[in-house]
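These notes are about the structure you will find just below.
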Amino acid sequence: MNRRLLFAVLILKCLVGSTRADISKQELQKWVDHSALIFTGKLLSLGSNVDSIDIKDGAMIVKVERVESGNDEENFGSLVGKELTVIVDPSSRIQRPKEGISVVFFVNPLLYERNIAVTATAIADKKAAPDFSKQLSAAVQRKKEKPLKDAIKSSSAIVSGAVQEIRSLPETKLRPLRSFANGHDIFSEHSPRWKEALILVQSVLSGDPSIKMVLVVFPSTDDRAWADSPSFRAGESGIWLLQRGEVTKAEIGILLAPEKISGREIKAFTTLHSEDFQPKDPDEKNEARIREILKAPKP
Amino acid sequence: MRCVALHFYDRANLRHLVIICSAVFVPMAGAVFRLTAGAPSPAVMVVDIIPEVLSGETITNSEPSLAVNPANPLKIAASAWIPEPLGGKTTPIFISENGGNTWSCRSTVPIDRITSDMTQQFGGVSNTLYVTTVHNDKKFDLIVCRSDRLAKNPMTPVGNRPGWIDQPYIAAATINKKDRVFVGCLDFNGPKGETATIVRSLDGTGSPPASDYTPLPIEFDDPLVDGSEIRSAISSNGDKVYAVFNRVTAEINGGRVGGVIVVRDDNGGNSRAPFTALREGNGPPGVPAVKSRTFAWNTYLGGDRTGGDLAIAVDPRNADNVYLVWSELVQAQPTLHVSRSGDAGVKWSAILHTVTNAKNPGLAMNVDGTLGFLYQQVDASSGREMWKTIFERTTDDFRNVSSLTLATFPVSEVDAPPTARNQPQFGDYLNLMSVGNDFYGIFSSKNVPDVARFPCGVTFQRRVDFSAKTVLGLNGNPVNSSTDPFFFKLADQPPIDRRPQK
């Protein structure tokens, strides 16, 4: 058995659902983390409502009663009331539920035709654990918050402030970029077209409290590959989770080299992931949430 | 059915049909979907491949690619930019098992997030589907996957190359009973200047090391950089494998300067020194089909970004007869030219055909020797700038051309750049191929269900209302129109609308 297959089997073993009454918090979290959609539903019948899947594939038709997590409704409207084809791998330990009983399905998408087919990573009876619904909600919340928590954890500093100026990358950085990796950052069709935002720091939430200014190197391109990366305009304010580990070590030496501005040496960072920048909101909930996470005891 | 098709291809009858079908459209009340409208000719089939359950999606599904299984043309795979609709950590691929009539969107490419760069191809007779793309993790790792079940279950990763890869574009064929897979890509990891690369497997269905994907630089000079677009084409007997790329010698505002370089391998991509069969004099391998010109780059045509458009096709009857589309800025307009080589790429003809204000070329020749040329053009001849997707056919090097407009819409409907990170709007490429006599293609276009916009007719799987010219969500309420991938098939017959070449 090759390593990939072994890994897949181990994951499957971790994820198999059942109606047993001993679901641990960790097990539930794994199911949630590895499922794009979690819903409460009822088995209507064995079989399929998509052309490409039939009953031999271990398919059943399930009516969605309540969406616990996933489905932002943008593509499909609400899934509540819709009938999905759910596939259970016959070789897995997942037990098919009884008809007419509401259970929780932890699934990932498989295909879209006139209807949707999904594969089950776990199926659980709500009675499988005390306070199951409460535990499920908590696990879903932890999953939602994980990207922000990860961004906080990996950040070198967290500052609130405003963009004073947008600058072109200085020649001292452009020149080595032209020869680094055959000039990828300059010549690629996915060139980020790096620019710098000079941030005037108003408060430091984490890191060196003496920081007054920082440079954030950000992609100014209109290429879709960078769609999730924040870009900035002069005057924009918010909270930056300043990172130094989002580019390769070689790029750090070039892109994130400090620069002298008005006689001061200003450190440079990136904020390439969407969580790395929290725009200023009127009631400052974003800042409060970050401070709350920073205060929370480390696990 | 064949008789019906022949009947419709009678010139007079077809014109008559088009006129009737353009003028007479029966509006249907309420939500109308899975509807074919326009000219109902069985000869040209145009299908919006977004499945019905995704009726609410309004993503820009750009940069489409297509693969038709030569061993069974009913089996077709297509791709376009579409994030996993339920937020799953996979990438969707579109599959048809009935020749393109209906489509399924299968979330089985094992990549969390993709760039627009995804292409696919079937092996010659193996029924194996190969897919390549790059991870959208800001590092652009290359991945190649395969499936022998038409992507019905998670595809198997079989090749990868870490970091800084642009625009992988795949070709495959069964040669000496093995699938040979060639992924043309811009690989920034190589030695200085050697960026144009073919990542090759000599046994696509096999196991490592036989199936290993090996990067083979095909740039043998030391230019400023090569263009992202690297295209390959395999002769029908599998002996000759051609590849073409833009060698960039300088960058200017809105464009690049450089030659169009053709390389060739005469041993099915497995020569001792691969892709070195063509040389100009004592120079390094590679023949400049075009020595130097300026072409559009990092500028916009009709709101869509321009690239270094290239396409190459080999005559299935004669491996030495090769056609090439290349781009040039002519009076500041992105322009496509077609050239031909009759001696396997050694010498290239003067320009056979030119299309101005155009991009995204696709080129293929069928077994009867009809050359198909697909492109997208901004046409202002009506007094209003219109995007048009046009498919031309010729049997005599463009002295006579048969032209079909597959789709059209006003340029004003394209988001004017740079409003958002939404480029490319339609793609840095589209796709055209032939199997037997038939041409198959894919392009991205606006999905407003208006018969006037699809002169050859169109079928939607997603919910639309032709009478209201509105795209509908699953609940029947209107949703914003957007860019969708459109599949087309043309069962080739004698050209229907010959016009002399100016």
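Letters A, B, ... mirror the listed sequences (proteins, then strands); counts begin at 1.
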Please state whether the side chain, the backbone, both or neither of [X] comes within less than 4.5 Å of a heavy atom of chain B.
| X | answer |
| --- | --- |
| A/Ser69 | neither |
| A/Leu110 | both |
| A/Ser78 | neither |
| A/Asp51 | neither |
| A/Pro219 | both |
| A/Leu79 | side chain |
| A/Ser229 | both |

Minimum-distance pair of heavy atoms, taken over all atoms of B/Phe188 and A/Asn182: O-ND2, 3.3 Å
Heavy-atom closest contact (B/Lys139 atom, A/Glu246 atom, distance): NZ-O, 3.9 Å
Examine whether an atom of [X] lies under 4.5 Å from a heavy atom of chain A, and if so say whether it belongs to the side chain, the backbone or both; otherwise answer neither.
| X | result |
| --- | --- |
| B/Asp226 | neither |
| B/Asn477 | neither |
| B/Glu251 | side chain |
| B/Asn136 | side chain |
| B/Ser104 | both |

Taking every heavy-atom pair that is under 4.5 Å apart, which of [options] has the most such pairs with chain A?
| options | result |
| --- | --- |
| B/Leu474, B/Leu54, B/Asn475 | B/Leu54 |
| B/Thr195, B/Ile59, B/Ile95, B/Asp117 | B/Asp117 |
| B/Asn189, B/Leu224, B/Val479 | B/Leu224 |
| B/Thr60, B/Ile165, B/Val134 | B/Thr60 |
| B/Gln167, B/Glu97, B/Glu194 | B/Gln167 |

Could you have a look at [options] and say which one has the most heavy-atom pairs with chain B under 4.5 angstrom?
| options | result |
| --- | --- |
| A/Thr119, A/Leu37, A/Asp228 | A/Asp228 |
| A/Ser191, A/Ala36, A/Ser52 | A/Ser52 |
| A/Val118, A/Asp57, A/Asn108, A/Val247 | A/Asp57 |
| A/Leu111, A/Ile53, A/Val50 | A/Leu111 |
| A/Ile116, A/Leu272, A/Ile87 | A/Ile116 |

A/Tyr112 versus B/Glu57, side-chain donor and acceptor atoms under 3.5 Å: no
B/Trp164 and A/Phe187: CA distance, side-chain angles, deciding distance, ring-ring contact (aromatic ring centres under 6.0 Å, His included) verdict: CA-CA 11 Å; B/Trp164 298 314; A/Phe187 299 120; over 10 Å; no
Those residues that, when tested against A/Gln29, pass side chain to side chain donor-acceptor pair (under 3.5 Å) (two or more places apart): A/Asp33, A/Arg142
Indicate every side-chain donor-acceptor pair of residues 86-93 of chain B with a distance under 3.5 Å to a residue at least two apart or in another chain.
unit_1: B/Thr90; atom_1: OG1; unit_2: B/Ser107; atom_2: O; d: 3.3
unit_1: B/Thr91; atom_1: OG1; unit_2: B/Ile111; atom_2: O; d: 2.9

Is any side-chain heavy atom of [X] less than 4.5 Å from a side-chain heavy atom of [Y]?
| X | Y | result |
| --- | --- | --- |
| A/Arg224 | B/Glu63 | no |
| B/Cys105 | A/Glu113 | no |
| A/Pro109 | B/Glu84 | yes |
| A/Asp222 | B/Tyr300 | yes |
| B/Gln423 | A/Asp223 | no |
| B/Val53 | A/Lys82 | no |

A/Lys63 atom NZ, neighbour heavy-atom count above 12 within 6.0 Å: no
A/Glu189 CD to B/Arg305 CZ distance, which is reported to the nearest 0.5 Å: 5.0 Å
Spacing of NZ belonging to B/Lys192 relative to OG belonging to A/Ser179, to within rounding of 0.5 Å: 9.0 Å
Aromatic ring pairing B/Phe140/A/His184, orientation class (parallel under 30°, perpendicular over 60°, tilted between): tilted
